[in-house]
Structures are given as structure tokens and as C-alpha cells.
Number of protein chains: 2
Amino acid sequence: MQILSSVKKALELLDHFTVERPELSLAEISREVDAHKSSVFRVLTTLKAAGFLEKDSLSGKYRLGLKILDLAGRVWGRYDIRQIATPYMEELARETGEVIHLAVLDGSDIVYLEKKGQGQGQVLTVATRLGGRNPAYASSMGKILLADLSKSELKAIFGRGKLEKLTPNTIDEIPKLIEELARIREQGFALDNEETFPGIRCVGAPIRDAGGKVVAAVSVTVPAQRMDDKRVRELWRLVTNTARMISERVAASKMEA
Amino acid sequence: MQILSSVKKALELLDHFTVERPELSLAEISREVDAHKSSVFRVLTTLKAAGFLEKDSLSGKYRLGLKILDLAGRVWGRYDIRQIATPYMEELARETGEVIHLAVLDGSDIVYLEKKGQGQGQVLTVATRLGGRNPAYASSMGKILLADLSKSELKAIFGRGKLEKLTPNTIDEIPKLIEELARIREQGFALDNEETFPGIRCVGAPIRDAGGKVVAAVSVTVPAQRMDDKRVRELWRLVTNTARMISERVAASKMEA
DNA sequence: AATCATCGTTGCATAATTCGAAATGGCATT
DNA sequence: AATGCCATTTCGAATTATGCAACGATGATT
């Protein structure tokens with residue numbers, strides 16, 4: 001494996017900038033990465049010169065730069081599905097009064113492509129973000145996407161070990177996950193029963209391309225206290241309907257995701 | 001200036017991946033950057049390991065990776081204005097039947113934060129993209145944003161040279177631009193008269209924060225053949241109304257851009 | 001089937017680059 | 001004024017990235 005260590009270090013430095021901590025000083029970063037200040041300064045300067053970071057002229061702190069949006073715009077071009085799905089998600093958000101997500105599978109994670117709706121002013125909601133990720137095996141959308149993979153594909157992704165528990169409810173044994181995925185294939189939707197986030201349940205449904213392959217998933221996200229069995233059945237009907245409509249549009253546009 | 005040259009090279013390599021050419025092979029990139037294949041291979045491998053590139057397993061070609069979306073999601077968090085403006089832009093797109101843009105100033109460029117509407121099926125439209133950039137001095141939105149800067153701020157951005165002409169109509173002399181900006185401050189909107197893209201005209205208006213500072217701009221983009229003086233007046237009224245409504249919402253939400 | 005050209009990947013010695021320590025100036029606090 | 005912390009720069013030593021050569025795989029051509 002031929003990794004350039006100074007390039008790796010520079011790229012990893014970007015990960016320290018988060019939504020919670022969008023601005024950081026040289027000193028803060030040096031302490032966090034446990035590297036000498038002058039080295040970190042040079043990395044920051046390089047990232048800034050390339051537009052990946054910018055520096056607030058008043059505070060002298062660094063934050064992620066707009067070059068990243070420029071590059072991101074080039075990535076979104078691959079996901080026409082997002083444009084197609086947006087009006088349907090908006091309609092579903094109005095209909096249900098809940099938060100709606102769209103995601104694709106990347107490796108063993110889902111990646112959020114779109115999020116619509118504000119929920120019902122509840123305190124408990126999900127801190128998800130465009131481009132953000134969660135383990136596929138815990139989330140309704142992830143399980144939908146995994147259910148469309150072959151045994152060997154699943155093995156290549158998860159191996160034979162135990163899965164990390166995100167909550168007490170997370171399925172952490174691969175045989176149980178395989179069972180769950182078989183059930184999902186049968187019933188055509190998936191439930192996240194407080195497996196990704198405590199207190200949050202989701203119902204997810206598959207978006208298929210013209211060839212029937214599951215290329216994305218859409219879900220309704222609800223606080224557990226509002227998600228009884230009656231509500232599950234209701235949302236299942238709505239979200240699978242939305243997914244089917246998106247799928248038809250996807251197929252009609254010869255979309256490739 | 002302390003630039004790490006190997007990090008710089010790696011970051012610059014990302015720029016070779018565009019919407020037009022989303023996938024590239026090792027050999028293609030090596031030829032383009034005029035560097036040895038084995039060096040480029042190691043850079044690609046490092047970028048791939050960090051998620052900035054991914055490799056199509058069938059073609060072996062590289063493309064931009066989803067880590068970029070992850071980071072972009074953290075940048076968007078700075079632009080609450082985008083969420084606020086979206087419904088108003090959608091309404092304006094319906095009302096005018098044209099393409100609507102939202103942008104902010106970054107250095108001497110505008111950066112597109114949002115784009116709504118499809119225009120009227122015309123062949124001639126603008127290839128703009130979320131996160132994409134254009135020189136501020138040529139575009140209606142850019143001129144709106146520049147008009148809010150002080151003389152010294154403008155001087156720091158543009159210096160004393162000539163500006164690059166994008167089209168025969170582009171203002172390329174700084175004194176003329178300063179005059180134009182003074183006019184814009186007076187009238188409260190700006191016109192791009194085929195200065196950024198040939199055959200394309202835009203009317204732009206300022207979005208202000210609670211303190212009256214211009215923090216973003218919104219514009220209507222029209223093919224020149226459909227933009228007579230009557231249409232200019234009509235669109236000016238609509239776009240400044242939209243900008244005012246967004247500004248009020250921005251001020252109400254104590255937004256910081 | 002054999003040959004050729006091109007591709008992607010790896011190992012190694014050398015050249016290039018990066019690193020850390022020390023120094024310096026700026027700013028805020030006492 | 002003294003102190004502490006910050007950001008930035010210089011320089012020699014240590015480390016890393018580079019380019020070359022080699023290799024196997026693949027596809028096209030003979």
C-alpha cells in the first residue's frame with residue numbers, strides 16, 4: 001500500500017472541522033493532532049492556499065473553504081436521483097409531518113443525499129446532514145440497500161466479526177442481520193427500531209432503477225414515542241408509495257446512480 | 001510562504017475531475033500533470049484511501065469520492081440562508097418561468113449556493129453548479145455584493161490592473177466598474193448584460209442581514225433574446241421583492257453568513 | 001498462438017522535502 | 001515592564017517522495 005504520509009496527514013486534518021466545531025486555531029489543532037505547531041502551520045497554509053480551508057481575518061481561526069463546495073458540485077452531478085426525488089420527498093414530508101431522508105450505499109455506510117421536512121417541532125430529531133454517513137446495518141435505508149446485495153457482497157463488506165452496537169437495539173450479529181435482510185426482501189420495507197439513534201424510529205423503502213436494482217432508499221424518521229404499530233403501517237404505505245413513484249421516474253429518465 | 005509541495009500536488013490533482021470528465025485513469029492523469037506514473041499512482045492511492053477519490057471496480061478509473069460530500073455538508077452549515085431562500089426562489093422560478101440563482105461573495109468570485117427553475121426549455125442556458133464560481137465583477141449578483149464594499153476593500157480585491165474580459169460586454173476597467181457599482185447602490189439592483197456568458201442576461205438584487213449588510217444576492221437569468229427593457233423592469237420588481245422577503249426572514253432568524 | 005503496446009503496481013536508491021527546535025514579533029494580561 | 005501564549009519563519013537533520021526499472025495483466029494485432 002503506497003500512501004504518502006504527508007498528504008494523508010493533511011487530508012486527515014480536514015476531519016477536525018465539524019458542524020459543531022467549524023472554526024479552529026493553529027494551537028487547538030496542533031494539540032489535537034499532537035504534532036508540532038510549525039508542521040501543522042505548514043499544512044494549514046497549504047490547505048488554505050488550495051481553497052480547502054479559509055482563515056477568518058479577525059479571529060485568525062481556520063474553517064473549511066469553498067473549494068470543497070466546488071468539488072462537491074462535481075460529485076452531485078452523479079446523483080440525478082436527488083433532483084428527481086426532491087419533490088416527492090417534499091410531498092411526503094407535508095403528508096406525514098415528519099423528516100424524510102434519501103440515501104445511497106457507499107461501502108458499509110449509507111450516505112445522506114437529501115433531507116426534507118422539519119418534523120413536528122419535537123425536541124428529539126436526527127442530526128443528519130447532506131453527505132453525512134451512518135452504518136448501513138443499523139438504519140432502515142441501509143438495510144433496504146443491503147437486502148439487495150448477494151451473500152458474497154455482504155460477506156465482503158462485513159466479514160465474520162461482530163458489528164458495532166450504536167444503541168442497545170442495534171443488531172450486532174451477522175447471522176441475525178442476514179435473517180433481517182431476508183425478511184426485508186420479503187416484505188419490501190425496513191424498520192429502524194432505535195438501532196441507529198436512541199429514541200428514533202424510521203421506516204424505509206427501496207428506490208429501484210429500470211433493471212429493478214435498488215439504487216437508493218427513502219425513509220420517514222419519527223420519534224419512537226409517536227411510532228406505534230398503527231403509525232408504522234400508515235407510514236409504510238406512504239413511504240413505499242413514494243419510493244415506487246420515484247422509481248418510476250428514475251426508470252423513465254434512464255438514470256444511472 | 002510555507003507550502004508543502006507534495007500536498008499541493010495532491011490537492012491540485014482533484015481539480016482534474018470535472019462534471020465533463022468525471023472519471024479518469026492513472027495514465028490519463030499522469031499525461032495531464034506531466035508527472036511520472038508511479039508518483040501519480042501513489043497520490044491517487046492516498047486520495048482514495050482518504051475517501052477523496054474512489055475507483056470504479058470495472059473500469060479501474062478514478063472519480064471524486066463521497067468524503068467530499070461529507071465535508072461539504074459541514075460547509076453548508078454556514079449558509080442557513082440557503083434553506084431560508086429556497087422556497088422564495090422556487091416561487092420566483094414559477095412566477096417568472098426562469099432560472100433563479102443564489103450566491104455569496106468569496107474573494108473576487110461569486111459562489112453559487114442554490115439554483116432553482118429550468119427556464120423555458122430554451123437551448124441557451126447557464127451551466128452553473130452548486131459551489132461553482134464566476135468573477136464577481138461580471139455578474140449581476142457579484143456586482144450587487146461588490147457594491148456593498150468600501151473603496152479600500154475593492155482595491156484590495158482588484159488592485160489597479162485590468163479585469164479579464166469574459167465576453168465583449170464585460171467591464172474590464174476598474175474606474176468604469178466603480179461607476180457601475182455606485183449606480184447599483186443607487187438603484188438597488190444590478191444587471192448582467194451578457195457580461196458573464198454571451199447571450200445571457202441577469203437581474204440581481206441584494207439580500208441583507210439585520211444590520212443592513214449585503215450578505216448574499218439572488219438573480220433571475222434569461223436568454224438575451226427574451227430580455228427587452230419591459231422584461232427588465234418586470235423582473236427587477238419581482239427579484240427585488242423576493243430579495244426583500246428573504247432579507248426579512250434572514251433578519252428574523254438572526255442568521256450569520 | 002505469439003507479439004506488441006499499454007496499463008497498473010511494486011521495490012529500491014537517491015534526491016527532495018518535511019520536520020522539529022529555536023528564534024522572533026505581536027497581543028493580552030498582570 | 002514582565003509573562004504567557006499565539007502565529008510565523010529559518011535552518012540543519014531526518015524522513016519521505018520521486019523516478020527508474022521491472023513485472024504481470026490485458027487487449028489488439030499479426
Side-chain angles (χ1 to χ4, degrees), chain A residues 1-18 20-67 106-107 152 156, chain B residues 1-18 20-67 106-107 152 156:
Chain A
M1 193 59 139
Q2 311 232 353
I3 300 288
L4 305 180
S5 56
S6 55
V7 175
K8 180 174 186 278
K9 269 186 267 180
L11 298 175
E12 284 173 351
L13 211 144
L14 293 172
D15 249 339
H16 289 262
F17 298 87
T18 64
E20 293 78 37
R21 301 176 66 222
E23 295 204 334
L24 298 166
S25 67
L26 166 65
E28 286 174 297
I29 301 170
S30 298
R31 282 191 294 268
E32 284 182 24
V33 304
D34 195 30
H36 198 275
K37 253 199 308 189
S38 60
S39 297
V40 174
F41 177 70
R42 277 183 289 249
V43 177
L44 290 174
T45 301
T46 304
L47 290 167
K48 174 170 170 290
F52 284 79
L53 291 180
E54 65 192 32
K55 194 175 180 184
D56 184 279
S57 50
L58 293 182
S59 64
K61 291 194 173 193
Y62 296 87
R63 60 192 174 217
L64 294 175
L66 290 166
K67 181 68 180 179
D106 182 49
S152 59
Chain B
M1 196 56 141
Q2 310 236 353
I3 301 289
L4 303 180
S5 56
S6 56
V7 174
K8 178 172 185 280
K9 268 186 266 176
L11 298 175
E12 284 172 350
L13 211 146
L14 293 172
D15 249 340
H16 288 263
F17 297 88
T18 63
E20 293 78 35
R21 301 175 65 221
E23 295 206 333
L24 298 167
S25 68
L26 165 65
E28 285 174 299
I29 301 170
S30 298
R31 281 190 295 266
E32 284 180 25
V33 304
D34 195 28
H36 198 275
K37 250 197 317 188
S38 60
S39 298
V40 174
F41 177 70
R42 280 182 286 246
V43 177
L44 290 174
T45 301
T46 304
L47 290 167
K48 175 171 170 289
F52 284 78
L53 290 181
E54 65 191 31
K55 194 177 182 184
D56 184 278
S57 49
L58 291 181
S59 64
K61 291 193 173 195
Y62 296 86
R63 60 194 176 217
L64 294 175
L66 289 166
K67 180 68 181 178
D106 183 48
S152 59

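As a basis for the values below, the full set of heavy atoms in this structure was taken, side chains included, without hydrogen atoms, waters or symmetry mates. Lettering of chains follows the sequences in order, A, B, ..., and the numbering in each one begins at 1.
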Atom pair OG1 (A/Thr46) and CZ (A/Phe41), whose distance is rounded to the nearest 0.5 Å: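 A/Thr46 OG1 to A/Phe41 CZ: 9.5 Å, rounded to 0.5 Å.
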Between CG on residue A/Leu47 and CG on residue A/Leu13, distance to nearest 0.5 Å: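 Rounded to the nearest 0.5 Å, the CG-CG separation comes out at 6.5 Å.
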Heavy-atom side-chain contact between B/Lys67 and A/Asp15 under 4.5 Å: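 SC-SC contact between B/Lys67 and A/Asp15 confirmed.
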Validation row: B/Phe17, B/Leu53 side chains within 4.5 angstrom (heavy atoms):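 Yes - at least one pair of side-chain heavy atoms lies under 4.5 Å apart.
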5' precedence on DNA chain D between A/Tyr62 and B/Val40 (nearest-nucleotide basis):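 Result: A/Tyr62.
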With a 4.0 Å limit, can you tell me whether [X] has a side-chain N or O closer than that to the phosphate oxygens OP1/OP2 of [N]?
| X | N | value |
| --- | --- | --- |
| A/Arg31 | D/dC6 | yes |
| B/Thr45 | C/dT9 | no |
| B/Ser39 | D/dG19 | yes |
| A/Arg42 | D/dT10 | no |
| A/Lys55 | D/dA7 | no |
| B/Ser6 | C/dT18 | yes |

Sugar-phosphate, base or nothing in reach of B/Lys61, heavy atoms under 4.0 Å: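 If one applies the 4.0 Å heavy-atom cut-off, B/Lys61 turns out to touch nothing in the nucleic acid.
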Touch class at under 4.0 angstrom, heavy-atom based, for A/Lys8 against every strand present: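 Here A/Lys8 touches no strand at all.
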In whole angstroms, how far is the [atom2] atom of [N] from the [atom1] atom of [X]?
| X | N | atom1 | atom2 | answer |
| --- | --- | --- | --- | --- |
| A/Asp34 | C/dC19 | CG | C1' | 14 Å |
| B/Ile3 | D/dA17 | CD1 | P | 17 Å |
| B/His36 | C/dT14 | NE2 | P | 17 Å |
| B/Leu4 | D/dT16 | CG | C1' | 12 Å |
| B/Lys37 | C/dA5 | NZ | P | 14 Å |
| B/Leu24 | C/dC7 | CG | P | 13 Å |
| B/Phe41 | C/dG11 | CZ | P | 11 Å |
| B/Leu47 | D/dA17 | CG | P | 13 Å |

5′-ward residue of the pair B/Ala27/A/Ser38 relative to DNA chain C: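 Result of the comparison: B/Ala27.
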Proximity to the side chain of B/Gln2 - top-ranked nucleotide from C/dT10, C/dG8, D/dT9: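 Comparing C/dT10, C/dG8, D/dT9 against the side chain of B/Gln2, the answer is D/dT9.
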Reference residue A/Lys61; test side chain to side chain contact (heavy atoms under 4.5 Å, CB included); the match among A/Glu54, A/Glu28, A/Lys55: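 Testing each of A/Glu54, A/Glu28, A/Lys55 against A/Lys61, the sole residue satisfying side chain to side chain contact (heavy atoms under 4.5 Å, CB included) is A/Glu28.
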